[in-house]
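Only heavy atoms go into these numbers, but all of them, side chains included; no hydrogens, no water, no symmetry mates.
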Amino acid sequence: MSDLLDDPIPGQNTPEYTVSEISGEVKRTLEGSFGRIRVRGEVGRVFKARSGHLYYDIKDDRNVLACTTWKGQISGLSVVPEEGLEVVVTGRLTAFGAQSKYNLNVDEVSVAGQGALMALLEKRKKQLEAEGLFAPERKKPLPYLPNIIGVVTSPSGAVIRDILHRLRDRFPRKVLIWPVAVQGANCAPEVARAIEGFNQLKPGGALRRPDLIIVARGGGSIEDLWGFNEEVVARAAAASDIPLISAVGHETDTTLIDFVSDRRAPTPTAAAELAVPVRMELLAWTGEQGARLSRAATDAVQRRTQRLHDLSRALPRPETLLNTPRQRLDLIADRLTPALTRGVQNRRLQVVELSAHLRPSTLRGLVTTRQESLRNLSARLSLRPIQREIDQQRQSLARLNDRMNTAQTTRLERLQQQLEATDRLRETLSYKATLERGYAVVRADGDVITTKAQAAKHAALEIEFADGILSTGATAKPTPKKPKPDAPDQGSLF
């Protein structure tokens, strides 16, 4: 009995739990006790899994709180956590029993104060500047007069009305408006998609690609303008092939898109002024330039006309150009007759002088001398080589004579054959052969008659048959048969 009344072993009646039960109780206790909470701290390690989920830590000087933002929740964050950024996160505290850990499922992130925002902005600015996105040499020049202007802004604000009004006053242009949210969580992705969308339009497509993009928003606090400080917006503006003007905030407001854009405008209205010139000023300038061009052309023509007149006065008159040649011709003509006379006289004297040296005795002596030299030379010459050469030449001449006779005979035979063939062809083609077939040729006054009307005009006709010619009419008389006109003279060919 004493054993039954003894106290049990301490702890023997404590409830017993499984691992899953205790993990579930801890999870329910955390979620029930804390629910949805806000936690302030500095972002530590940040890791984005391949699945798209975001894992990061929120820490202070002593402790660390693990945080998780699922893939579907990331697009709703107004600020994406970055290491070193002081933020306020909002979510539900829960536990992960498989690893005996608890974490905060975050669905909203905000920066803790302007100081943290400025620090984050400065960090992003240094990063983009180090990549060369702020370099002046990569900025594109703005078109002088764009045909189409793309505007990225809110369609319901006063900004778009100011831009359209200013463009209408200065130089009306076609405007494509891409509506976006200009603040809040959707601002950055919508602005980035708008810039990329304008760049993807085809220049010759149904919706033509703009020649210039204006990204505009009115003034506001740094939190209101924070969407234009996001890295995705800055990189989209830097990658734009279309020149881009940033007009975000007022003159004192500065965002990251201002540094990467090709031009920064202090206000949206100023962006419209940068986009197009003043039409009336351009027309006035064009008219002034046209007037200057006309005056310059007129002055140039007048100067050249005056210069031509000045040069023409320095030239001699046309009639005076021939005076000197005429005088020279007269002098030469006057000197020509005496010169010819003197020339003839000089030639006559030369003939007389030369003929004086010619004497019969001189000629006879010269002939005698030449004959003596010839006899001496002939005595020294042998006739045998000469005779041999003569024989050779005679034989060669005989051979050439035989060849010539043969060639001549052959040529005459060939010509005789050609002549006979031509005569046969003539006989074949002659109208005489047609007469042999029963036809006749009618003539009048030596002309051939081919129609009845021509025959009726003549009183006398000559009808040629194959066997003769018959004359008819008032003066008809027998006509002897004419010889063939085209019969060749055989003796004339040889």
Side-chain angles (χ1 to χ4, degrees), residues 300-423 425-426 446 482-494:
V301 172
Q302 291 177 352
R303 287 195 301 271
R304 283 165 175 74
T305 303
Q306 185 63 37
R307 179 63 175 167
L308 182 61
H309 290 164
D310 296 341
L311 292 175
S312 64
R313 285 197 297 269
L315 293 174
R317 294 191 302 274
E319 59 272 11
T320 61
L321 295 176
L322 298 177
N323 290 338
T324 300
R326 283 199 190 98
Q327 293 177 359
R328 193 162 54 246
L329 180 61
D330 293 340
L331 293 176
I332 293 174
D334 293 340
R335 292 162 54 188
L336 180 60
T337 302
L340 291 175
T341 303
R342 286 194 300 272
V344 172
Q345 293 175 353
N346 292 334
R347 300 298 186 279
R348 186 176 293 135
L349 290 175
Q350 291 177 1
V351 171
V352 172
E353 291 177 356
L354 292 175
S355 63
H357 296 287
L358 297 176
R359 297 289 187 271
S361 58
T362 303
L363 292 176
R364 282 195 297 270
L366 184 60
V367 170
T368 302
T369 303
R370 294 291 186 274
Q371 288 177 348
E372 185 66 25
S373 298
L374 182 60
R375 283 194 295 269
N376 293 334
L377 291 173
S378 62
R380 290 187 294 173
L381 290 175
S382 175
L383 297 178
R384 186 175 298 174
I386 297 175
Q387 187 64 36
R388 187 184 304 113
E389 184 177 357
I390 290 174
D391 293 339
Q392 292 176 354
Q393 295 295 333
R394 186 179 288 114
Q395 294 174 2
S396 177
L397 181 60
R399 288 193 299 270
L400 290 174
N401 187 36
D402 293 340
R403 290 176 60 189
M404 184 181 67
N405 291 334
T406 302
Q408 182 67 16
T409 303
T410 303
R411 182 171 180 274
L412 290 176
E413 292 175 354
R414 186 169 62 254
L415 292 175
Q416 180 68 26
Q417 294 173 0
Q418 293 178 357
L419 180 61
E420 292 175 355
T422 304
D423 186 60
L425 180 62
R426 180 189 64 78
K482 295 182 181 179
K484 296 180 180 180
D486 49 357
D489 184 4
Q490 300 294 336
S492 64
L493 296 176
F494 301 98

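- A salt bridge does not link D391 with R388: every distance from a Lys NZ or Arg NE/NH1/NH2 to an Asp or Glu carboxylate oxygen is 4.0 Å or more.
- Evaluated for a side-chain contact (heavy atoms from CB on, under 4.5 Å) with R328, the options L331, T324, D330 yield exactly one hit, T324.
- Taken to the nearest 0.5 Å, the CD atom of Q408 stands 8.5 Å off from the CG atom of L415.
- At least one donor-acceptor pair under 3.5 Å links the side chain of T369 to the backbone N or O of G365.
- Look at D310 and R307 and you find no salt bridge, because none of the NZ, NE, NH1 or NH2 atoms lies under 4.0 Å from a carboxylate O.
- Side chain of D423 to main chain of L419: no donor-acceptor pair is present (N/O by atom type, distance under 3.5 Å, no hydrogens or angles).
- Taken from CZ in R342 to CZ in R335, the straight-line distance is 9.0 Å, to the nearest 0.5 Å.
- Looking at heavy atoms from C-beta onward, H309 lies in side-chain contact with R313 at the 4.5 angstrom threshold.
- Under the side chain to side chain donor-acceptor pair (under 3.5 Å) rule, Q416 has a single partner from R414, E413, Q418, E420, which is E420.
- With rounding to the nearest 0.5 angstrom, the CG atom of L397 is 11.0 Å from the CD atom of Q395.
- Side-chain contact between L349 and Q345 is absent, with no heavy-atom pair separated by less than 4.5 Å.
- Looking at heavy atoms from C-beta onward, I390 lies in side-chain contact with R394 at the 4.5 angstrom threshold.
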task = Tell me, with the steps shown, if M404 and L400 meet side chain to side chain contact (heavy atoms under 4.5 Å, CB included).
result = CA-CA 6 Å; M404 184 181 67; L400 290 174; over 6 Å; no
